[in-house]
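One-based numbering along the sequence shown. Hydrogens, waters and symmetry mates are skipped; everything else that's a heavy atom, side chains included, is used.
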Amino acid sequence: MFKGFKNLKSLDLQHITITQDVFEKLISSCPSLERLTLMNFTGVTHLIIDAPNLQFFDIGGIFEDVSFLNTVHLSLISIGLYVNIDNEENGAQDNSSKLLRFFVNLPHIRRLEIQSYFLKYLAMGYVPSRLPNLCVDLNHLSIRIDFDDLEENTAALCLLRSCPNLQELEMLARPEEQSSMERSTNFWEDDHWSSLFAHLRLVKVSGISGVKSEMDFIKFLLSNSPVLEQLTVKPASQEGEWELMKELLRFRRASIYAEVIYLDP
């Protein structure tokens with residue numbers, strides 16, 4: 001008998017158990033929905049978001065898949081996967097591109113926050129050098145990343161190449177003590193770029209320990225950001241912070257106005 005909430009604009013669901021079909025019917029039966037928050041849920045493994053007027057989507061939890069249908073107005077997304085996944089095991093089952101499928105119905109995304117282990121999800125399957133349809137409206141990007149994970153680095157590079165008008169970037173280091181993934185300590189040393197961060201003004205890098213992969217990424221950013229105004233670095237601990245700060249100050253900067261700010265842990 002449920003006909004939906006035709007006037008509902010904001011829906012916040014936290015700590016719930018709901019079945020797959022009930023969730024899908026609930027979302028598709030709220031045609032005016034503009035804001036959706038979904039946190040710490042059980043019962044839904046494949047999230048299908050069908051909401052023609054949705055503008056804001058905030059999700060954090062354990063799920064297997066997510067896809068968007070009819071979401072041309074969705075512009076702000078914060079998404080976190082709360083469980084580590086094995087890309088090799090999942091990649092053997094599905095060689096399609098999670099990156100391509102995730103962005104195909106997000107033509108006007110402006111702000112994206114990739115939290116917890118969701119970058120691992122996006123790195124599953126085929127990762128193109130850049131998205132076929134660039135995210136021209138995206139100006140703020142936040143990524144939690146293991147800088148020593150080759151596949152995560154590759155997915156992050158694809159995103160960076162696909163956001164030509166990016167103005168603000170936040171990179172949150174997520175070091176893994178043990179991993180079966182291929183490690184890549186020289187990834188950001190290579191010449192990945194055919195164009196520059198033409199509009200990038202503000203960068204924040206947090207949680208680093210000063211390992212080579214992290215420092216290579218910072219060097220890569222500084223040398224390819226001609227209008228950068230501020231780079232803020234916040235390490236994970238105070239151990240070796242003086243040497244870290246000295247090394248940062250030695251890096252070449254494409255922007256003569258770039259200011260490096262070092263924050264205590």
Side-chain angles (χ1 to χ4, degrees), residues 58 75-80 99 102-103 106 108-123 127-131 134-149 151-175 184 187-211 213-236 244 247-249 251-263:
D58 186 7
S75 59
L76 286 81
I77 297 179
S78 177
I79 185 165
L99 264 169
F102 181 79
F103 284 97
L106 300 175
H108 300 299
I109 185 169
R110 292 190 293 107
R111 182 185 180 100
L112 175 62
E113 298 177 1
I114 298 172
Q115 303 179 10
S116 302
Y117 293 97
F118 192 68
L119 187 62
K120 273 186 172 294
Y121 166 89
L122 291 177
V127 177
S129 60
R130 69 182 68 205
L131 298 174
L134 301 182
C135 302
V136 294
D137 295 326
L138 199 147
N139 56 52
H140 178 99
L141 178 63
S142 176
I143 301 176
R144 186 167 290 277
I145 181 174
D146 175 3
F147 280 107
D148 281 333
D149 188 311
E151 293 183 352
E152 287 194 36
N153 282 332
T154 303
L157 180 61
C158 172
L159 290 177
L160 293 173
R161 283 174 168 162
S162 303
C163 305
N165 298 312
L166 189 65
Q167 297 180 26
E168 299 179 8
L169 174 66
E170 181 180 32
M171 302 295 287
L172 308 167
R174 193 199 70 244
S184 178
F187 181 85
W188 297 102
E189 279 188 341
D190 298 335
D191 184 12
H192 296 292
W193 217 241
S194 58
S195 59
L196 304 176
F197 294 100
H199 304 283
L200 188 62
R201 299 183 297 104
L202 302 175
V203 175
K204 183 175 182 180
V205 182
S206 301
I208 65 171
S209 57
V211 298
S213 56
E214 298 167 344
M215 303 306 285
D216 285 346
F217 176 77
I218 294 175
K219 185 187 299 184
F220 166 77
L221 273 178
L222 285 173
S223 61
N224 287 286
S225 306
V227 299
L228 186 67
E229 297 172 5
Q230 187 178 99
L231 167 66
T232 303
V233 178
K234 185 176 182 179
L244 175 60
E247 185 172 0
L248 286 171
L249 294 175
F251 288 165
R252 185 181 71 84
R253 308 175 196 181
S255 170
I256 60 174
Y257 303 106
E259 178 185 14
V260 178
I261 298 176
Y262 188 92
L263 299 180

Criterion side-chain contact (heavy atoms from CB on, under 4.5 Å) on Val127 and Glu151, from CA distance to verdict: CA-CA 9 Å; Val127 177; Glu151 293 183 352; over 6 Å; no
Value rounded to 0.5 Å, distance of CG in Leu202 from CD in Gln167: 8.5 Å
Phe102 side, atom CZ; Leu159 side, atom CG - distance, nearest 0.5 Å: 9.0 Å
Ser142 versus Glu113, side-chain donor and acceptor atoms under 3.5 Å: no
Heavy-atom side-chain proximity of Leu106 to Leu112 below 4.5 angstrom: no
Side-chain donor-acceptor pair present, Glu168, His140, cut-off under 3.5 Å: yes
Whether Glu214 side chain and Ser209 backbone form a donor-acceptor pair below 3.5 Å: yes
Spacing of Leu221 atom CG and Phe197 atom CZ [to the nearest 0.5 Å]: 5.0 Å
Short side-chain to backbone donor-acceptor contact, Ser116 and Gly80, under 3.5 Å: no
Nearest-0.5 Å distance, CG of residue Leu157 to OG of residue Ser162: 9.0 Å
Distance, nearest 0.5 Å, that separates CD1 of Ile143 from CZ of Arg174: 11.5 Å
Any donor-acceptor pair under 3.5 Å from Ser225 side chain to Leu222 backbone: no
N/O donor-acceptor pair under 3.5 Å between Glu152 side chain and Leu119 backbone: no
Leu244 side chain near Tyr262 side chain, heavy-atom distance below 4.5 Å: yes
Spacing of Ile261 atom CD1 and Thr232 atom OG1 [to the nearest 0.5 Å]: 4.5 Å
Any side-chain heavy-atom pair of Asp149 and Lys120 under 4.5 Å: yes
Test item: Asn165 side-chain N/O and Asp137 main-chain N/O as donor-acceptor pair under 3.5 Å: no
pair Leu228-Arg253: side-chain heavy atoms closer than 4.5 Å: no
Side chains of Ile208 and Ile218 in contact at under 4.5 Å (non-hydrogen atoms): yes
Close side-chain approach of Leu172 and Ser206, heavy atoms under 4.5 Å: yes
